[in-house]
Amino acid sequence: MSSNNQNKKNKKGQQQQKQTSQDDQSLEFDHGVGSQDQTFNSNKRNGNQIGMYQSRVCSTEFIIEESKGVANGITDAFTLQVGETRLQSASQSIVQQDHDDDEYETDEEIKDNAKEVIKLVNVHKTYLLGLEGVPALRGVNLTINDGEFITILGTSGGGKTTLLNIIGTIDKPSKGDVYICGLRIKYSTKDQLLASIRLNKLGFVFQTFNLIGSLTALENVELPMQLRGKLSREQIRKRAISLLEEVSLGSRLDHFPNQLSGGEQQRVTIARAIANNPSIILLDEPTGDLDTRSTDIVMKILVDLNVKKKITMIMVTHDVGLKTFANRVVRMADGKVNKIEEIDPVLRNEHIRHLDDRVRAIHSGNQKDVLAIREGIKEENDETSKLSSKTKVVIPDNFTALKNVSTTKTSVRKPQDYPVLRERFNK
Ligand SMILES: Nc1ncnc2c1ncn2[C@@H]1O[C@H](COP(=O)(O)OP(=O)(O)OP(=O)(O)O)[C@@H](O)[C@H]1O
């Protein structure tokens with residue numbers, strides 16, 4: 001597109017905005033990622049003024065309602081509502097938008113940043129510990145494109161989690177610019193707006209699963225959809241079931257987190273994370289508590305979400321073996337990005353193919369195949385098999401208790417099997 005056309009488009013966009021009943025009112029956003037394609041429109045629906053913020057890769061819908069009894073200037077006369085959650089004091093998030101033609105970027109720049117979903121420019125984060133400041137990030141610059149899989153590796157205390165929290169809007173930078181889907185996050189950005197971004201744009205998966213213990217797997221997955229308030233009860237239930245089926249937990253819907261293994265809990269967390277169709281999933285050590293088998297299953301789900309559904313993945317991990325599932329590896333130390341490594345696509349595809357083979361073998365129950373396929377540890381496998389052929393477990397005669405151990409299969413227990421839960425389940 002020529003810059004003339006772009007300028008015309010921008011001007012037209014500005015005129016259209018001026019013609020709306022929300023003349024000159026817009027969500028606050030600065031010109032950052034994909035700014036040339038950001039639009040703000042509003043129209044009336046069911047008596048509510050609906051605002052739609054849209055960039056090339058993201059969109060967020062808001063209900064703007066004239067609030068009652070507030071008349072201190074036009075920017076104070078609105079309350080921002082997202083889904084069912086009325087967001088108070090959002091008037092400060094709705095400010096004058098005055099685009100000047102010269103604020104738009106050139107065609108070259110448009111091509112360059114068309115797919116950026118995250119951009120951090122000289123980001124600092126200092127935590128206050130008593131009277132002392134703890135510098136966690138010291139000038140981080142990073143751009144992540146739509147659909148990329150990024151792994152963040154680095155030294156302990158290097159700032160990986162802090163960086164993830166800032167990208168996830170859980171924390172705000174002390175200094176520097178953060179753009180998420182084109183929206184600029186500042187220290188002054190209202191918590192309500194951040195909550196809306198989290199609910200609509202981001203999915204989270206943590207090492208510790210963070211499932212709500214008193215809710216079943218199904219209820220945990222339903223929760224973000226209920227908070228968002230866009231689907232009916234039936235639609236939410238149907239989608240939650242299908243998401244759990246997608247992560248092979250269709251038979252465990254009514255199970256509580258403490259009745260699931262670590263790997264299964266993590267799969268529930270992933271189903272919950274994708275419930276609202278996020279553009280980006282943030283993962284902090286998602287396989288940190290899992291054995292290799294569960295790690296493979298979880299990684300296969302994550303890689304599929306990235307490759308097939310084009311969801312951007314940003315994963316903090318200590319497991320160097322996982323780095324080849326990413327497009328790029330960001331290495332952090334002392335609060336800085338000290339290296340960014342591109343993974344050769346051929347190598348990445350090969351590793352993904354090996355992963356597919358291993359997971360297929362796991363599902364077919366052939367653990368021997370899984371070990372044989374596991375690349376990079378072949379020699380170790382050889383050592384292990386030598387060891388296992390030599391090593392014999394001898395049970396001493398006087399250990400009768402062990403000799404009489406029953407070898408019947410462990411049955412899967414349902415909530416009804418637990419007296420404490422039976423009452424709740426039958427309600
Ligand atoms: N809430 C906090 N208050 C004070 N200091 C903090 C806080 N969170 C993190 N820090 C400090 O910030 C620095 C970066 O911590 P961060 O957790 O981001 O590192 P990390 O790379 O994720 O470490 P690890 O790999 O050990 O999890 C560390 O020095 C840490 O002690």
Side-chain angles (χ1 to χ4, degrees), residues 117-144 148-180 185-191 194-195 197-198 202-211 262-263 265-266 269-270 273 278 280-292 294-295 298-299 302 312-343:
V117 281
I118 305 284
K119 185 171 175 178
L120 290 99
V121 184
N122 195 25
V123 168
H124 290 251
K125 177 72 192 179
T126 304
Y127 291 104
L128 259 188
L129 212 56
L131 290 175
E132 270 189 35
V134 181
L137 295 181
R138 302 186 301 137
V140 170
N141 295 299
L142 182 64
T143 300
I144 296 172
E148 265 199 296
F149 196 132
I150 299 283
T151 53
I152 305 178
L153 292 171
T155 53
S156 181
K160 301 181 292 297
T161 298
T162 306
L163 179 66
L164 206 66
N165 287 345
I166 284 180
I167 295 173
T169 76
I170 292 168
D171 223 336
K172 294 178 192 171
S174 314
K175 191 180 140 193
D177 294 326
V178 176
Y179 300 95
I180 295 167
I185 309 297
K186 295 194 287 191
Y187 202 82
S188 58
T189 305
K190 291 274 155 203
D191 287 343
L194 299 181
I197 295 169
R198 286 196 291 274
L202 307 174
F204 294 88
V205 177
F206 297 104
Q207 178 175 2
T208 47
F209 318 135
N210 286 4
L211 293 170
Q265 287 186 59
Q266 200 58 303
T269 313
I270 294 169
I280 303 161
I281 298 185
L282 303 168
L283 308 116
D284 198 352
E285 292 276 358
T287 59
D289 277 353
L290 307 182
D291 58 19
T292 49
S294 299
T295 296
V298 163
M299 282 313 300
L302 297 176
T312 307
M313 297 276 167
I314 307 171
M315 178 173 84
V316 166
T317 181
H318 281 114
D319 188 345
V320 184
L322 303 182
K323 77 171 191 178
T324 37
F325 295 125
N327 303 108
R328 286 191 297 154
V329 181
V330 174
R331 292 195 182 262
M332 295 199 65
D334 295 331
K336 290 186 172 180
V337 172
N338 67 358
K339 194 177 165 197
I340 297 183
E341 184 190 344
E342 298 237 1
I343 300 293

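Because the structure is a prediction, the values reported are computed rather than measured. Atoms within each ligand, like the ligands themselves, are counted from 1 in listed order. Numbers here are sequence positions counted from 1.
- Closer than 4.0 Å to atom 31 (O) of ligand 1 lies none of the heavy atoms of the protein.
- Comparing heavy-atom distances from atom 20 (P) of ligand 1 across Pro135, Gly157, Gly335 singles out Gly157 as nearest.
- Regarding atom 26 (O) of ligand 1, its nearest protein heavy-atom neighbour is Ser156 OG, 2.6 Å.
- A salt bridge is defined here as a Lys NZ or Arg NE, NH1 or NH2 lying under 4.0 Å from an Asp or Glu carboxylate O, and Lys172 with Asp191 meets this definition.
- In this structure, of Val134, Ile152, Val316, Thr162, the residue bringing a heavy atom nearest to atom 29 (O) of ligand 1 is Val134.
- Minimum heavy-atom separation, Thr317 to Leu153: O-CD2, 3.1 Å.
- With Arg138 contributing its side chain and Asp334 its backbone, the two residues share a donor-acceptor pair below 3.5 Å.
- Polar contact check, Gly159 against ligand 1: a nitrogen or oxygen pair lies under 3.5 Å apart.
- A donor-acceptor pair is defined here as one N or O able to donate and one able to accept, closer than 3.5 Å; such a pair exists between the side chain of Gln266 and the backbone of Pro286.
- Side-chain atoms of Asn165 and Thr162 include no donor-acceptor pair closer than 3.5 Å.
- When Ile170, Leu283, Asp171, Val316 are each tested for a side-chain contact (heavy atoms from CB on, under 4.5 Å) with Leu164, only one passes: Val316.
- Of the protein's heavy atoms, Tyr127 CD1, 3.3 Å lies nearest to atom 6 (C) of ligand 1.
- Side-chain atoms of Ser294 never come within 3.5 Å of backbone atoms of Asp291 as a donor-acceptor pair (strictly under, hydrogens ignored).
- With ligand atoms numbered from 1 in the order given, ligand 1 contributes 19 (O), 20 (P), 21 (O) to contacts under 4.0 Å with heavy atoms of Gly158.
- Looking only at side-chain heavy atoms (C-beta outward), Asp177 and Asn122 stay at 4.5 Å or farther from each other.
- Under the rule for a side chain to side chain donor-acceptor pair (under 3.5 Å), the partners of Asp289 that lie at least two apart in sequence or sit in another chain are Gln207.
- Looking at Leu164, Thr161, Leu163 and measuring to atom 22 (O) of ligand 1, the nearest heavy atom belongs to Thr161.
- Ligand 1 places these atoms under 4.0 Å from at least one heavy atom of Leu129: 4 (C).
- Put simply, atom 2 (C) of ligand 1 has protein non-hydrogen atoms near it, under 4.0 Å away.
- Partner of Ile118 under the side-chain contact (heavy atoms from CB on, under 4.5 Å) criterion, chosen from Thr312, Val178, Ile167: Ile167.
- Distances shorter than 4.0 angstrom do not occur between any heavy atom of Asn165 and any atom of ligand 1.
- With a 4.0 Å heavy-atom cut-off, ligand 1 is reached by the backbone of Thr155 but not by any atom from C-beta on.
- Considering only non-hydrogen protein atoms, atom 21 (O) of ligand 1 sits nearest to Lys160 NZ, 2.8 Å.
- At least one heavy atom of His318 sits less than 4.0 Å from an atom of ligand 1.
- Ligand 1 is never approached by Gly154 to a heavy-atom distance shorter than 4.0 Å.
- The nearest heavy-atom contact from the protein to atom 12 (O) of ligand 1 is Ala136 CB, 3.3 Å.
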